[in-house]
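Data first, discussion second: the structure below is written as structure tokens.
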Amino acid sequence: MLATLGLTEYASGKVIIDFEEFLTSEEMGVMYYKFSVHAYNLCLFEESVEMGKKALHAKISDTRMRANTIQAVCNGYYYLGDYEKAKEYLDRYKEFLLPEVKDNANVLEAMLHTAYGNHELAISILQKNLPHCGEFTLLHVVNFLFTLYLQTGNLSAIEELVQLEEKLLSITYVTPFKKAELAHYFKLKGEYFLLTEKLEVGINFYLEAAKRYSKVDLINLESECLQQITNIHTTNNGDIVSIFEKLGTYYDNKVRKGDNL
């Protein structure tokens, strides 16, 4: 699988660390920066933070690379749940006078507001940022807004987000992290359609999310999607039969086709 291949490359590449004494401080900084980004894309957030901090302790003369390293460390701390550290590195990231920093910092700030329960402020920031999102951040911002709209019961706003789907699906997602984000988008759609009582559509999106999580080895998240389906309460026996038929087909395909679900 792609995620397994990425992990193999990452692990084998780390052999070079044994020879870091032969590298200049600049070369060491670039090496640890690349490891930090690679680890982040593999959802290895603890290692991403560790490698990023080592990169910053070494010498990185390229301004954008240094800014990207600080951003990766900030994101890593956020996903590890250490919001104080994430805020510390966000403040450092904001100091860079690069064109992309303002929008990226706004997204990071909204993430932290969400973590502290300030949903309305986070929504306001993300809504202002949405029209300016490039391919790198669009999916991320859409997912955050989608989640916040579900939490606040703003279902009409979700309908507007879904209008961006054609653009979202036109983007090529390469890393396991981005592929997992796309799976999360389909999971959110599944939840939305169940809330709007479109049972079959919602189940189909949960199955799509499960399939995509499976392809990047996030088996716990795949199982979570499938469990959500089995937890659906219905008084219609025909619906119950349909649900278990869909689950049966999913598992049959997984056994028969393996990675090519």
Side-chain angles (χ1 to χ4, degrees), residues 36 40-41 43-46 48-49 52-53 56 67-165 167-168 177-178 180-196 205 209 218 220-221 224-225 228:
S36 178
Y40 180 79
N41 285 330
C43 305
L44 302 173
F45 302 121
E46 207 165 307
S48 177
V49 166
K53 290 172 76 172
L56 294 171
N68 290 343
T69 305
I70 291 171
Q71 183 188 17
V73 173
C74 174
N75 281 329
Y77 272 127
Y78 172 82
Y79 285 109
L80 289 170
D82 191 338
Y83 304 129
E84 291 301 318
K85 281 289 186 182
K87 177 67 166 60
E88 177 187 324
Y89 279 87
L90 173 58
D91 290 340
R92 291 177 63 179
Y93 181 64
K94 286 179 178 178
E95 294 173 3
F96 290 90
L97 301 176
L98 295 168
E100 69 273 17
V101 166
K102 184 177 179 181
D103 285 342
N104 289 340
N106 282 340
V107 175
L108 291 167
E109 199 161 27
M111 289 163 57
L112 287 172
H113 284 310
T114 302
Y116 288 116
N118 301 321
H119 297 328
E120 293 303 326
L121 183 54
I123 288 171
S124 176
I125 293 171
L126 292 171
Q127 284 175 335
K128 289 177 183 176
N129 216 66
L130 186 61
H132 311 293
C133 287
E135 290 189 353
F136 185 78
T137 57
L138 180 62
L139 176 60
H140 199 52
V141 171
V142 166
N143 278 355
F144 260 103
L145 275 172
F146 210 135
T147 302
L148 289 168
Y149 289 152
L150 285 171
Q151 289 175 349
T152 56
N154 192 349
L155 300 186
S156 60
I158 290 175
E159 294 173 13
E160 296 175 16
L161 280 183
V162 173
Q163 300 305 312
L164 295 170
E165 185 167 312
K167 186 176 181 181
L168 285 177
F177 180 78
K178 284 291 188 182
E181 277 286 290
L182 188 58
H184 184 52
Y185 170 76
F186 285 111
K187 179 175 180 287
L188 291 169
K189 277 191 76 177
E191 185 176 346
Y192 165 67
F193 280 109
L194 289 186
L195 283 173
T196 53
F205 280 121
L218 293 172
N220 58 324
L221 293 176
E224 186 180 304
C225 290
Q228 287 290 337

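Along the sequence shown, residues carry numbers from 1.
Residues F45 and V49 are not in side-chain contact: their nearest non-hydrogen atoms beyond the backbone lie 4.5 Å or more apart. Under the 4.5 Å side-chain criterion, counting only non-hydrogen atoms from C-beta, M111 is in contact with H140. Put simply, the side chain of N106 reaches to within 4.5 Å of the side chain of K102, judged on heavy atoms. The closest side-chain heavy-atom distance from Y149 to I123 is below 4.5 Å. Two residues are said to be in side-chain contact when any heavy atoms from C-beta on lie closer than 4.5 Å; T114 and T147 fail this criterion.
Listed by chain and residue number, nothing satisfies the salt bridge (charged side-chain N to carboxylate O under 4.0 Å, His left out) test with E160 (two or more places apart in sequence, or in another chain). For E159, the side chain to side chain contact (heavy atoms under 4.5 Å, CB included) test picks out Y192, with sequence neighbours left out. With sequence neighbours excluded, no residue forms a salt bridge (charged side-chain N to carboxylate O under 4.0 Å, His left out) with K178. Looking at residues two or more places apart in sequence or on another chain, you find a side chain to side chain contact (heavy atoms under 4.5 Å, CB included) between K85 and Y77, D82, E88. For Y93, the side-chain hydrogen bond (donor to acceptor under 3.5 Å, both in side chains) partners two or more places apart in sequence, or in a different chain, are N104. For K87, the side-chain hydrogen bond (donor to acceptor under 3.5 Å, both in side chains) partners are D91, not counting sequence neighbours. N143 is linked by a side-chain hydrogen bond (donor to acceptor under 3.5 Å, both in side chains) to E181, counting only residues two or more places apart in sequence or in another chain. Partners of N154 by side-chain hydrogen bond (donor to acceptor under 3.5 Å, both in side chains), not counting sequence neighbours, listed by chain and number: S156. For E46, there are no salt bridge (charged side-chain N to carboxylate O under 4.0 Å, His left out) partners at least two apart in sequence or on another chain. Residues meeting the side chain to side chain contact (heavy atoms under 4.5 Å, CB included) test with L168, sequence neighbours left out: L138, L139, V142, Y173, Y185.
For the pair T69 and G52, the tightest heavy-atom approach, listed with the atom from each and the gap, is CG2-O, 3.4 Å. The minimum heavy-atom distance linking F146 with L161 is given by the pair N-CD1, 3.5 Å. When all heavy atoms are compared, the tightest approach of Y89 to I70 is O-CG2, 3.3 Å. Closest non-hydrogen pair, L56 versus R92, comes out as CD1-NH2, 4.2 Å. The two atoms that bring A209 and A183 nearest to each other are CB-O, 3.3 Å, heavy atoms only. Looking at every heavy atom in both residues, S48 comes nearest to Y40 through OG-CB, 3.4 Å.
Between the OG1 atom of T137 and the CD atom of E100 there is a distance of 11.0 Å, given to the nearest 0.5 Å. Separation of atoms CD1 (I125) and CG (L130) is listed at 13.5 Å; rounding is to 0.5 Å. Here the CG atom belonging to D103 is positioned 11.0 Å from the CG atom belonging to L108, to the nearest 0.5 angstrom. Here the straight-line distance linking atom CG of L195 with atom CD1 of I158 works out to 7.5 Å at 0.5 Å rounding. Within the model, atoms OG1 of T196 and CD of E191 stand 11.0 Å from one another, a figure rounded to the nearest 0.5 Å.
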| task | Test side-chain contact (heavy atoms from CB on, under 4.5 Å) on H184 and L188 and set out the steps. | result | CA-CA 6 Å; H184 184 52; L188 291 169; 3.7 Å; yes
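Annotation: ring pair (Phe, Tyr, Trp, His ring centres under 6.0 Å) contacts involving residues 99-118, sequence neighbours excluded, comprise Y83-Y116. Identified under the salt bridge (Lys or Arg N to Asp or Glu O under 4.0 Å) test for residues 106-131, with sequence neighbours left out: K94-E109.
The closest donor-acceptor contact from the side chain of T152 to the backbone of L148 lies under 3.5 Å.
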